[in-house]
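Order of the sequence lines sets the chain letters (A, B, ...), proteins ahead of strands, with each chain counted from 1.
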Amino acid sequence: MAELLLDVLLVLALLSTASAALLSRDLFRAVVLFIAFGLLLSLSWVRLHAPDLALAEAAIGAGLTGVLLLDAVSHFRGRREVE
Amino acid sequence: MKAGVVTVLALLLGGILAPVVVAVASADPGTSLHTLVQTRLEASGVEHPVTAVLLNFRAYDTLLEIGVLVVAGITGMSLSRAGARAEPELRSTNTLLHALARWFVPLMLLLAAWLLWAGSHRPGGAFQAGAVLAAAGVMMRLTGLPTAWIAPGPMLRLGLSAGFSVFLLVAAVGALTGRAFLAYPPLLSGPLILVIETLLTLSIGMILLGLYVAAAQRDGADE
Amino acid sequence: MTLNLLVAGLLFTPLAWAVVSLLIGFRAGRWLAGAGMVLQAGVTLGLVWTLTGQGGFEYALGDWQPPLGIGLRVDGMALTLVLLTTLVASACGLHAAGYLEADRPGQRYFWPLFWFLWAGINGVWLAGDIFNIYVGLELVTLAAVGLVALSGEPPALRAALRYLFAALAGSLAFLLGVALLYGAYGTLSLRLLAEAVQADGTGSAALALMFAGLAVKTALFPVHAWLPPAHGIAHAPVSALLSALVVKASAWVAIRLWLDLGPVLGSSGGAFLMGLLGTAAIVWGSWMAWCQTGLKKLVAYSSVGQVGYLFLLFPLTFAVSDRVAELATQGVMLHLISHALAKAALFMAAGNLIWAVGDGRIVSLAGAGRHLPLSLFAFGLAAVSIMGLPPSGGFTAKWLLLQAAWQAGQWGWALAVLVGGLLAALYVFKVFAACYVDKASGDDFHYPPRRLDLMPLGLAVMALGLGLVAGLPLHWMGIGGAP
Amino acid sequence: MSPGLLYALAGMLLFVMGLAGFALLRHLLRRLMAFNLVGSGTFLVLVGLAQRPDGEPDPVAQALVLTGIVVAIAATALALVLMRRWFDLTGRTRLDGEADE
């Protein structure tokens, strides 16, 4: 029962960070939320008995993608966007 | 207007898919690949089932997938033209980061090696290790440690294709010795998989790092 | 033993050539490419020879039989497409060797991407495993995007990004379908799935998701908008590859899935919808082609229209007699082949014309009729097949489709085929009319190397002659897979 | 409800959400994130549905998703290179708003 509760909470956290990342007005904030989503997803893989995927998600999905995205945000911020 | 239409369509799609997902979850497929993997695990040369699937049973998928990575790396290189190499603005002057990097980079290299080694009998493997390698490279780059070897050039081209090439050669040797394409020699599959994984780790790390560097380069408008 | 070597050679050559040509430059890559094409041709012919001798077979990679391992389905249809690829990709490669400037900075990356694309396309033709299809399609997509972006100019980047986004969304829809099928039936092998599937909503929903994804990747109306910029902006030989082979790869996956799983999981409503979208594509693509002012954009929109014919397969093979289904399958496959030959020829001929007049607008072609008769001749021959006039392969394909529609009593599709031919004639004549306008002012033509005319001419002649020898490919395609 | 089904349903929702975001968002970086959400959702469905009610994990599904993750990072990194170059040359972070030519 406690396990199921944990799963439900994790799923809710996944969905809310994902929607927040999509809806956030601030790009930097969206990227940070996206990285948080990756970490939560990594936890979900642990819950699904998939430690390989948890490792890969943490390293690739959250870690590397996060660095790439953050780097891109600062790059886009560096110069004024032409609307 | 558009947002409304998309929302309605999304709800509709979700409404159709939800019962399908429930139905699939309750269905019982006659065959289970899981037991098949277990029974053949011994013949695969590794003890960890996921690694056995990735590098032996379904090695063709993995070969093509590394091809996808190499293609991404090639395109990244083709777009980062010569010129802007070591950009000062990329380096952070944060001293804390510097101090951290001195400890972190060797630690990450160790972690990558451990992940690679672990892959044969427990969770871990070339992809995770390669990603950690790339992250170590990103950190080196951010803190201004020497990273000239990652600039587009013969070294990078060789490095990013090395893992793929060795994988492909092993695959071809299988066919040349009378077995199928991608079949390992019976007794050598364990060591060969380890060799392939080691080179794949290096190549994956280099490709991911190379793409990061390629993205970070700029020219044209500034020059 | 020989079989192992042939299949291995087919898979190994393009991948190995991709890696080696990454290490050498563009110029050396040309010589290497020549050798690779010869090797690939030899292996292909060997496989076709085996096929006619002993029939098709399933090839277990790594000696692991499906469902544990990945099987390749080496049957008549797949091998005919491999042969088509060897022909068209070789022609495009040889054209590119002379067409692309060797000294531009990014050019050394052309050959590796070219060979990876070739490898991916062959992989998709032969794939017998639905997840392997996904990986193969991704390899094709990323290599194609890389080739579109090769020039690095803003319009190319824009087209490449649009293409990448559309293709990735399509792949993921496909992959979700794979996830549902794997969850429901516990296997990824297409052959085993065809035996296992039962008629229920689950399988149909999975199939619908996969078709939706494939429709995006094939640029079926109304999700075609990414195609014209990507095919219009790329270098001519690259455009030729994309239109002739890359969109066909995803279309082929749809065809194969439909032929295998459609009889159980399909529905007449779904089949009708696909046919309707195909018809809309024929009309809209051809009309938009006629509206274009740029030569390559016109040829690219023509692809949007021509792809539409492939989707007539769906209504003409569902719940009809075996004879009708056979005619329709033959017609669609023959159309796929003749369009690949003709469209590659059109793009390469268009590239030569643009090289000569120095810009890509159709009005600039004035006087080309006098100065570049050979390129224009190739363009015309290929256009005959596009319009579907005898004796071209396009004609025979349409004739088969008309017969199928007639015998099935589904008149609407026959009308679509006929209207498509008329509209094609309109946009083809638009080009010719522009070429034979006499130009008063001086002649500033830059003659492209003569040998560049050979590739489009060769393919155009093949497209034209295909109708006369259609029996041979149709015979090959009739040879089934595993006994 | 088994955990597998729970995560599969969550994955399905992520797929739909991401697709909607993909259709509505115009900023290139946001579209890329939406694409990654669609991918993550698909992976959850794949692994969640392959898990049997007894909780046994399926190594094949995990291997497929690992392949999928690597393909996704390749595509993401490539898209970032393309969009950063596009931004450098044009100063724009979205594609629409002008004709194709």
Asks: Just verifying a value: how many Å separate B/Gln128 CD and D/Ile69 CD1, rounded to the nearest 0.5 Å?
Replies: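 Rounded to the nearest 0.5 Å, the CD-CD1 separation comes out at 8.5 Å.
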Asks: Out of D/Val45, D/Leu9, D/Leu19, D/Ile73, which one racks up the most heavy-atom pairs below 4.5 Å with chain B?
Replies: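 Among the listed options, the one with the most contacts to chain B is D/Leu9.
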Asks: Heavy-atom pairs under 4.5 Å with chain D - which of B/Val37, B/Val21, B/Asp61 has more of them than the others?
Replies: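 That would be B/Val21.
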Asks: Where does B/Val22 contact chain D at under 4.5 Å (heavy atoms): side chain, backbone, both or neither?
Replies: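 For B/Val22, heavy atoms of backbone and side chain both lie under 4.5 Å from chain D.
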Asks: Identify the heavy atoms of B/Ala72 and D/Ala74 that sit nearest to each other, and give their distance.
Replies: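 The pair with the smallest heavy-atom distance is CB-O, 3.7 Å.
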Asks: So which of B/Leu9, B/Leu17, B/Thr62 has the largest heavy-atom pair count under 4.5 angstrom toward chain D?
Replies: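 Sorted descending by pairs with chain D, the first entry is B/Leu17.
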Asks: Please report the shortest heavy-atom distance between D/Leu5 and B/Ala25, naming the atom on each side.
Replies: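 Answer, listing the atom of D/Leu5 first, then B/Ala25: CD1-CB, 3.6 Å.
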Asks: If you count heavy-atom pairs under 4.5 Å between each of D/Val60, D/Leu66, D/Leu64, D/Val70 and chain B, which one has the most?
Replies: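 Heavy-atom pairs under 4.5 Å are most numerous for D/Val70.
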Asks: Would you give the length of the straight line joining atom CG of B/Leu211 to atom OG1 of D/Thr76, rounded to the nearest 0.5 angstrom?
Replies: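 If I round to the nearest 0.5 Å, the distance is 10.5 Å.
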Asks: Name the member of B/Thr51, B/Val68, B/Leu54 that forms the most heavy-atom pairs with chain D at distances under 4.5 Å.
Replies: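 Among the listed options, the one with the most contacts to chain D is B/Leu54.
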Asks: What is the minimum heavy-atom distance between D/Ala23 and B/Lys2, and which atoms define it?
Replies: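 Of all heavy-atom pairs spanning D/Ala23 and B/Lys2, the closest is O-NZ, 3.2 Å.
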Asks: Distance check, rounded to the nearest 0.5 Å: D/Leu78 atom CG versus B/Leu69 atom CG?
Replies: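 Reported value, rounded in 0.5 Å steps: 11.0 Å.
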Asks: For B/Ala3 and D/Leu24, work out which heavy atoms get closest and say how close.
Replies: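 Smallest interatomic distance, heavy atoms only, reads CA-CD2, 3.6 Å.
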Asks: Checking heavy atoms, do the side chain of B/Ala27, its backbone, both or neither come under 4.5 Å from chain D?
Replies: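 For B/Ala27, the contact with chain D is made by the backbone alone.
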Asks: Give the minimum heavy-atom separation between B/Ala10 and D/Val16, together with the two atoms involved.
Replies: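 The pair with the smallest heavy-atom distance is O-CG1, 3.2 Å.
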Asks: Can you measure from CZ (B/Phe127) to OG1 (D/Thr67) and round to the nearest 0.5 angstrom?
Replies: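 B/Phe127 CZ to D/Thr67 OG1: 6.0 Å, rounded to 0.5 Å.
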Asks: Please classify the contact between B/Ile204 and chain D as side chain, backbone, both or neither, with a heavy-atom cut-off of under 4.5 Å.
Replies: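 When you check distances to chain D, no heavy atom of B/Ile204 falls under 4.5 Å.
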